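For clarity, every value in this text was computed on a predicted model and none was experimentally measured. Order of listing sets the numbers, starting from 1, for every ligand and every atom in it.
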Amino acid sequence: MEKFVIRGGKPLHGDVYISGAKNAAVALVAATILCDEPCVLENVPEISDITKCLKILKEMGAKVELLDRHTIKIDTAGITNPSVPYELARTMRASCYFLGTLLGRFHEAFVPMPGGCDLGDRPIDQHLKAFRALGATDDIVNGNNHVRAEKLSGNQIYFDFVTVGATMNAIFASVKASGLTIIENAAKEPHIVDLANFLNSMGADIRGAGTDVIKVRGVEYLKGVTYATIPDQIEAGTYMVAAAATGGDVNICNVIPKHLESISAKLRKCGVNVVESDESVHVWVDGPLMKTSLKTMPHPGFPTDMQPQFSTLLTLADGTSIVTDDIFDNRFRYVGELRRMGADISVDGKVAVIQGVGKLHGAPVVATDLRAGAAMVIAGLAADGVTEIDNIEYIERGYEAIDEKFRKLGADIQRVYRPDADSVAMSG
Ligand code: EPU
């Protein structure tokens, strides 16, 4: 086990290059199961969630070849059994994407039920609702979700609320179903659009991705393609907030600025300068940080995956900010850790009241989940003194080479081996 040791208080300066999006790449990797020929995926982030997804494919019989650090050739022709191995899948939420892709290809799937999770209970009732609408039945067999259909037929699917995972799974299961599927109240996240673009480049017929009505007309054959994953909106947002929290001046490169608008808008409210170019955003601070309030929302609203990082920034601002995050049950678990660094935050259910304290102070802290871990890194970079962060395997699920990237921006962050540690990171 390893931990990060950060000597904080240094403004970040320079250019940082953003990797491919985790939440797009996990869906694209799963989608290769639906492709009738080998595919090459480019700009795949080098993170542990992707390593796990690729291991799942390999254990099921796929050929996976790393052409370089970020380019992977995947041939899923060798998969014959639609069962996902328990040990690999149980700690990864995105393993539920195999339900939709295996159902779409084999008309049957066995996928271990996701266990309890660091963000609270995460049911899949809407995923199952979509599969049932297309003609599938479901039950639990040996701790696995089992879905099965004689035939998948297009239908109307109306989600009770906006859900990224169920929208992805509805697309997976309908892309080769017969006839037209209409997905209403669909999620509009950039990774939904990326999945639709990937499948359309193979020959699928998916329209409306990025709006709340997606129409999928089933096709019989999907051809192999080479496709590049979009840049990671949340990784970019994390570096934007880190630049602001340290009073720095950073160019965040290889991004789609449109995907960052909700984050840029909130940073400007706090008095941070954000200037967008074609494929980069320049973030710098030349005055005091100001309070702002925010509520997380599905895209294009402010993303829940940026809430812990932004709340950390608000601990450094003048005045009182109110942050509401009701997407998941339990996304304020990191607050106790920030309090150990001097933050003044009170939480009542899904609302946090943050009284700006101007400065944080280094302390030993723990990453309680992926984005909470990123928040601890930002807190450590901005704080006086030394911060030690445990459970960094959470952070490595979704951030490629985070310590290297911050070091290039002038941070003092070291990775230190910790022989006595024992931790289990559950993926989001
Ligand atoms: N929900 C249900 N029933 C369902 C599906 C969802 O009750 O059938 C609930 C969830 O429990 C949650 C809310 O609906 O309270 C939204 O869940 P959603 O399905 O949108 O989330 P997800 O697909 O499980 C993805 C990302 C998360 C991100 C959310 C929201 C992946 C692999 N994960 O999760 O990413 O927070 O969308 O944008 O794409 C992260 O990257 O740190 C992360 C947690």
query = Taking only heavy atoms of F161, which atoms of ligand 1 are found under 4.0 Å from at least one of them?
reply = 1 (N), 2 (C), 3 (N), 6 (C), 7 (O), 9 (C), 14 (O)
request  = For ligand 1, note which part of L370 has a heavy atom under 4.0 Å away: side chain, backbone, both or neither.
outcome  = side chain
key: Proximal atoms of ligand 1 relative to I124 (non-hydrogen, under 4.0 Å)   = 4 (C), 8 (O)
ask   = Does the pair T296 and D325 meet the rule for a side chain to side chain donor-acceptor pair (under 3.5 Å), with working shown?
value = CA-CA 5 Å; T296 60; D325 190 351; 2.7 Å; yes
query = Heavy atom of R331 under 4.0 Å from ligand 1?
reply = yes
task = Consider every N or O of I327 and every N or O of ligand 1, then say whether any pair is closer than 3.5 Å.
result = yes
D75 side chain vs A77 backbone, donor-acceptor pair below 3.5 Å = yes
ask   = ligand 1 and V164, any nitrogen or oxygen pair closer than 3.5 angstrom?
value = yes
message = Please list, in number order, the atoms of ligand 1 under 4.0 Å from a heavy atom of G165.
response = 19 (O), 23 (O)
key: D403 with R415: basic N within carboxylate O range, under 4.0 Å   = yes
Atom indices of ligand 1 within 4.0 angstrom of Y97 heavy atoms, with elements = 39 (O)
ask   = Purely on distance, is any nitrogen or oxygen of V26 under 3.5 Å from one on ligand 1?
value = no
inquiry  = Can you tell me how the ring of Y97 sits relative to the ring of F172, calling it parallel under 30°, perpendicular over 60° and tilted otherwise?
reply    = perpendicular
request  = Can you spot which of T238, I392, I47 makes a side-chain contact (heavy atoms from CB on, under 4.5 Å) with Y399?
outcome  = T238
Where ligand 1 meets Q126 - atom numbers and elements under 4.0 angstrom, heavy-atom basis = 4 (C), 8 (O)
note = Test side chain to side chain donor-acceptor pair (under 3.5 Å), reference D138, set H146, R132, R148, output is R132
ask   = Got a salt bridge between K176 and D36, using NZ or NE/NH1/NH2 to carboxylate O under 4.0 Å?
value = yes
ask   = Salt bridge or not for K408 and D15, using N-O below 4.0 Å?
value = no
ask   = Are any of the side-chain nitrogens in D369 or R371 under 4.0 Å away from the carboxylate oxygens of its partner?
value = no
Proximal atoms of ligand 1 relative to K22 (non-hydrogen, under 4.0 Å) = 40 (C), 41 (O)
message = Is there a polar contact, in the sense of an N or O pair closer than 3.5 Å, between N23 and ligand 1?
response = yes
ask   = What part of R122 sits under 4.0 Å from ligand 1 if we count only heavy atoms: the side chain, the backbone, both or neither?
value = both
ask   = With a 4.0 Å heavy-atom cut-off (strictly under), which part of D305 contacts ligand 1: side chain, backbone, both or neither?
value = side chain
key: Sub-4.0 Å heavy-atom approach of P123 to ligand 1   = yes
message = Only heavy atoms of T304, strictly under 4.0 Å: list the atoms of ligand 1 that pass.
response = 30 (C), 36 (O)
ask   = Got a salt bridge between K215 and D205, using NZ or NE/NH1/NH2 to carboxylate O under 4.0 Å?
value = no
